[in-house]
Chemist: 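Sharing a structure here in structure tokens format.
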Amino acid sequence: ASHSDNSVKLQLQWVTQAQFAGYYVALEKGYYEEEGLDVTILPGGPDIAPPQVLAGGGADAMLNWMPSALAAREKGLPVVNIAQPFKSSGLMLTCWKDTGITGPQDFKGKTIGVWFFGNEYPFLSWMSQEGIPTDGGDDGVTVLKQGFNVDPLIQRQADCISTMTYNEYGQVLDAGVSPDELVTFKYEDMGVATLEDGIYVLEENLADPMFKEKMVKFVRASMKGWKYAESHPDEAAEIVLEYDETGAQSEAHQKRMMGEIAKLTAGSDGSLDEADYQRTVDTLLAGGSDPVISKAPEGAWTHEITDEALK
Amino acid sequence: MRSVVPVLAVVAVILAIWYLACLPMNIHTALTNAERAGVAVQPEGAAERRDRSGIGLALTNPGQWADTWAQDKPRLPAPHQVLAELWDTTAMKKVTSKRSLVFHGWITLSATLLGFAIGTGMGIVLAIGIVHSRAMDMSVMPWAIASQTIPILAIAPMIIVVLNSVGVQGLLPKAIISAYLSFFPVVVGMVKGLRSPDAMQFDLLRTYNASRGQTFAKLRLPASVPYLFASLKVGIAASLVGAIVGELPTGAVRGLGARLLTGSYYGQTIQIWSALFATAVLAAVLVALIAGAERMTLKRMGLGR
Amino acid sequence: MTLVLSALILWAAAWWLNVRLANGPTAHTPATKLLVPVIFGLTLLIMWELIVRGLNVPLVILPAPSLIAARFAQSLPILWADFVQTFVKGALSGYAIGCAAAFVTAILIDRSDFLRRGLMPVGSFVAALPIVGTAPILVMWYGFDWQSKAAVVVVMVFFPMLVNITAGLQETTQMQRDQMQTWAATYWQGLWKLRLPAAMPFVFNGLKISSTLALIGAIVAEFFGSPIVGMGFRISTSVGQLALDMVWAEIVVAAIAGSVFYGVVALIERWVTFWHPSQRR
Amino acid sequence: MKGVSQATVIEAKNLDLTFQTNDGAVQALSGVTLDIAAGDFVSFIGPSGCGKTTFLRCIAALEQPTGGTLTVNGMTPEEARKARAYGYVFQAAGLYPWRTIAGNIRLPLEIMGFSRAEQAERVKNVLELVDLAGFGGKFPWQLSGGMQQRASIARALSFDADILLMDEPFGALDEIVRDHLNEELLKLWARTGKTIGFVTHSIPEAVYLSTRIVVMSPRPGRITDVIESPLPKDRPLDIRDTPEFLEIAHRVREGLRAGHAYD
Amino acid sequence: MKGVSQATVIEAKNLDLTFQTNDGAVQALSGVTLDIAAGDFVSFIGPSGCGKTTFLRCIAALEQPTGGTLTVNGMTPEEARKARAYGYVFQAAGLYPWRTIAGNIRLPLEIMGFSRAEQAERVKNVLELVDLAGFGGKFPWQLSGGMQQRASIARALSFDADILLMDEPFGALDEIVRDHLNEELLKLWARTGKTIGFVTHSIPEAVYLSTRIVVMSPRPGRITDVIESPLPKDRPLDIRDTPEFLEIAHRVREGLRAGHAYD
Ligand SMILES: Nc1ncnc2c1ncn2[C@@H]1O[C@H](COP(=O)(O)OP(=O)(O)OP(=O)(O)O)[C@@H](O)[C@H]1O
Ligand SMILES: Nc1ncnc2c1ncn2[C@@H]1O[C@H](COP(=O)(O)OP(=O)(O)OP(=O)(O)O)[C@@H](O)[C@H]1O
Ligand SMILES: Cc1ncc(C[n+]2csc(CCO)c2C)c(N)n1
Ligand SMILES: [Mg+2]
Ligand SMILES: [Mg+2]
């Protein structure tokens, strides 16, 4: 492929929302333009696998959770992490308090909603660490493939569901539930956190210096966007709303989301922390009978881009 | 026209049942809300009520009925809520607004129409091939049937990605998915139609020593028109479904399909229902348009009676 | 490039063979009728294989048929469990309920012209609601397990069945109905002995259409929430894991199951409507 | 046979029937007065659309006259139908393709609640009567048109109604087969003494079969002539070449021509 | 008129035709030998299934004989068809419902490549010939059965073929209309001098129309009798009540009966 032009296509892993505020801010504020880049942001959705889009040449870079990206790497799609704007994980399980759940061991016999599509790995490895089978029964948990809203919890079809601190948890509260009625388990607190929203590209492209240079500019501008978003959350949320073409987002929701997102990006300057990486890999390797990755990956990340960008 | 009264009667009954159904459907949430607001309900505690039937709860708590028709994110929105949302997102918004259903409807419609055109064209060409070539008939027909047993939702993302990788983006991928759904009814109907003249009508042309092309133009084609229209009505509805399915894996940004989907991410049931109804209305309008064209054409051809 | 070229040559050769077979003296034997589509299908498969290899299409975009076959063979137990969950529990039960409900409704409608004129337009409007919209709602109402999938299937097959049965019940000629009258037959006798048998070709038309809809409906519904088994579940999660070979293995199962289902209904049709001109030869 | 003073079976007085259609009212029958005695063989002949079928349908209570009176065996047509007074044979055989010949003949018997044994017995008898013994197990489409029509007559005979109404039963058959069935029908009539109302388009057929020929004219359907046949009851086929026969045929033709407007 | 030695138009020698069906071979024609001279009106009569239609179709090259020879104007039927030797009229009018009457008549002319002006001219002429002037703009279903059949004859006449083949053209019409069309057909034949092959089931029709009547018998289809008509060319309708007419009719009936096995 020719990387001599200055266009960059970024595949998001979800619909337009404040989770991706940094990129929209960089676009809106002209940071990309300043770098001489012409950036297109492609929203995602439940039917879009960003690695597949990357493989098909539909995008130059993608956002992905690391478990999913590492799994893709083992499947023969060599993606490489070039930057990690999210320092901490926002993933958690949210349960009704009145189910009597106080700790992971109480999950036995309960029904739990989990996101699949490559996002089930952290949960599975957590359960295997706790020694809880995931195939139903009184001693195990019954797993549901959760859709992308909080209905299963509200309707009490599940005792616990997966939520993101910045999104679904807020939706539960919006439904009128007070935090006292809920128990939450953050993966971060349980020691099973895996890295989320990183920027990935195809390994073969990195061999091309032109492409590398483009990515350097892209990451630099993006991080500038992120930092601006962190310090101006309300403005960032409004920018996101501006770019949402579905017209389905509400302002209140996006502002709150931006507030939570800022907490997750806070500790990162964009470069991947090797310790976080190692913890993610360890968690995944500890996964149960059907592990996400069977061996520690090689070359799944690089500091070359961030080193250059942050100079 | 004779149907107006029966239709109204049926609609009235459906509305009544609908309102009633809101009671058991939404009562759990209504009670929880009431409890949070400090109102006494029977029995107390959401966990307690969890396995109770909605009907029983509705009967024991008549005080909360009104709330079942006025929730923000109800399990079953009440008809007036859906209507209000429909009104709000069509008449009250500029058509260029992202929050206008007309805007989203237009996006979907354009993919539908393009897909319908492609699908119909392909279907007709395939049907012509099938009636003129035994080899094609025998090889293609079974696979055309099999192709329809494949869940389109499963391959739609792949179609999008594959097309994307060869540089095709935007309207066309959606239209192709929509064409995939609409070509089949057209093939089936058109094959039937092209074969509908009886042996005598073919013999007649043979006594005139007519060529294959003449037989097609003068006999097969006109004879197939009624069949074609019947298929087109099925086909346009299928196209619409295809366009919506095609919208899901394209980043779901615009169109009625995207409305449905984003509505479901945020549990916006009212938004889902109004998008659903907008789709059904769109389908009804499209089918009615084709039916109108059918009436006109058949009348011209002396077939409309 | 040579692989792509050989694919094209293969296409030409197979087509030539099929033309010969279809127009040859054995064209009307059952063996040829089976052979021709099989050759066509095989040709497509081999071309797929050659092109995917020839153009080096990445596995995560389009796997070669050989890989799909290998995955299929390795995953039989998983595929079987998914099949039972989606087809047997979801699709079949929904199909049965939907068809039965349409049947009862058709007879109600048949007795009342008022109901028919009221229900048919409303019904066709409701039938135009796309499943991608109704499925999430039904999953929300009927839970994650097969019941909600069956409900989606019921909604999908109900109206096509209703239309066909109603049309079928109108199928008798004035003369046949008059005949019943001269014998002073009751409504139910007329229904049972005349109109139902006469409606059978239409009923089966509806049953065939619905058979393909049923499986698709059950699979699609699983996209919107499911237990961790089922064809739709597997397809959607496998896409996320980039296990495209698994996705296609499930699609193969769906195509086989759908075609066989259709074929079985068509066979029963032959047997029940043996008397209809289209079934006689 | 009681000569001219036989019991009256069907009595129509001043019968009117007007259909309301989208294009306005169509008067199908106007002032039709006719008595049919027990054992009569009455043919109705007239141009297309003159109301022959309509009159037969009135008798069978398939149509409701809009004026005049009509009694069958002293009852209303409705009551007569419930009393199983008629067998009706339509122009097309109208056999159910999913039932065998025997099954088709059994159909009215099932509906009328005959016992199984009785059903079998009667089916056997009428199959013999119409010369179809041995064909009971065949399906209609496996038989020629003439055989199908015979089966349809057998079906109308199976429950032994006193009145047989036949609406162009042989219209679709070729002349030779038709001749043959005409002969058979006469024999059957002689043997059973049923009262027969018979619609036809063919003058020779009407003259050959009937004791009375009713000539009708269209718009509005009226009876223009009723011709009593002087032919003996026993009629070989070549009676059709005798002068008496031709004389009657001529009279019928004249009557027809009088009321006819081409197309 | 050259008396008996007119030019032979259709010459069949020892024609055989066997259909291969799923239930085995059906011999539809066996050893059929017949000469038809220019200007002849030949009727074919015989019980259902005796091969009348098949023979006509062989002449029109719609069916391929399996034995014997058949020439039309000294050519093979195929060549004769390409030379537009025949007009063919089927039992049902078979008009295309999406074309007006004029459009239907124009159909063969379009196919044969007549000029626009010529087409219009010819359509006008044949419409007058069959008494349908003024109905050209109507659709078939707006006409009565008899008028439709006349239109179908006009269509066969439009391109002025020398041979007219008619397969039970009036079978579906009622007797009065049929009589009328018979008269018209005779006039047309007299006026144009065409050679006509005519299939019918009706004995009076065959006798009334033909110069020669070919009687056929079924299984396998053979010619059992060829009757030359002594009737004059000019035939009023009531010629049918003359002894000569009845004499021929009787002979035809006997010939038919001889070869006939009921059903
Ligand atoms: N159900 C109906 N509604 C309206 N008009 C009718 C109906 N049935 C018959 N007619 C009209 O009544 C007239 C008499 O019809 P009928 O069928 O009795 O004629 P017919 O003598 O039996 O004719 P044919 O010889 O063609 O069978 C016709 O003009 C016909 O169009
Ligand atoms: N295409 C065919 N395939 C097989 N058998 C045929 C075919 N066409 C005609 N036959 C058979 O050939 C025989 C002669 O048929 P044909 O149609 O010529 O009879 P016909 O004298 O015209 O009879 P009808 O008076 O009923 O029209 C019949 O036994 C018929 O079943
Ligand atoms: C198809 C698909 N499903 C789930 C996720 C996981 N995920 C990442 S961000 C996000 C939204 C949170 O509000 C979710 C659910 C994904 N990436 N792609
Ligand atoms: Mg009638
Ligand atoms: Mg014939």
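Reminder, nothing fancy here: chain letters follow the sequence lines and each chain counts from 1.
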Chemist: How many angstroms lie between atom CG of D:Leu107 and atom CD of C:Gln179, to the nearest 0.5 angstrom?
Modeler: 7.5 Å

Chemist: Measuring from C:Leu194:CG to D:Trp98:CH2, what's the distance to the nearest 0.5 Å?
Modeler: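 C:Leu194 CG to D:Trp98 CH2: 5.0 Å, rounded to 0.5 Å.
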
Chemist: Heavy-atom distance under 4.5 Å to chain C: side chain of D:Ala61, backbone, both or neither?
Modeler: backbone

Chemist: Rounded to the nearest 0.5 Å, what separation is found between the CD atom of C:Gln176 and the OH atom of D:Tyr96?
Modeler: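 Going from the CD atom of C:Gln176 to the OH atom of D:Tyr96 covers 5.5 Å.
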
Chemist: Is it true that atom CZ of C:Arg177 has more than 12 heavy atoms of other residues, nucleotides or ligands lying nearer than 6.0 Å?
Modeler: yes

Chemist: Please check if the number of heavy atoms outside D:Phe139 that lie under 6.0 Å from its CZ is greater than 12.
Modeler: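 Atom CZ in D:Phe139 is packed in, count exceeds 12.
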
Chemist: When rounded to the nearest 0.5 angstrom, what is the spacing between CD1 in D:Ile111 and OG1 in C:Thr186?
Modeler: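 If we round to the nearest 0.5 Å, D:Ile111:CD1 and C:Thr186:OG1 are 7.5 Å apart.
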
Chemist: Would a distance-only check, ignoring hydrogens and angles, find a side-chain to backbone donor-acceptor pair under 3.5 Å from D:Arg81 to C:Gln181?
Modeler: yes

Chemist: Where on C:Met180 is there a heavy atom nearer than 4.5 Å to chain D: the side chain, the backbone, both, or neither?
Modeler: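 Contact with chain D involves the side chain of C:Met180 alone.
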
Chemist: How far does CZ of D:Arg155 sit from CH2 of C:Trp183, to the nearest 0.5 angstrom?
Modeler: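 If we round to the nearest 0.5 Å, D:Arg155:CZ and C:Trp183:CH2 are 4.0 Å apart.
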
Chemist: Atom CZ of residue position D:Phe135 - does it have more than 12 heavy atoms of other residues, nucleotides or ligands inside 6.0 Å?
Modeler: no

Chemist: Should the ring pair C:Phe274 and D:Trp141 be called parallel, tilted or perpendicular, given that the plane angle runs from 0 to 90° and is split at 30 and 60?
Modeler: tilted

Chemist: Take atom CZ in D:Arg191; do more than 12 heavy atoms of anything else shown fall under 6.0 Å from it?
Modeler: yes

Chemist: Drop me the distance from C:Asp178's CG to D:Glu63's CD, to the nearest 0.5 angstrom.
Modeler: 8.0 Å

Chemist: What part of D:Glu78 gets closer than 4.5 Å to chain C, counting heavy atoms only: side chain, backbone, both or neither?
Modeler: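 Contact with chain C: none, neither part.
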
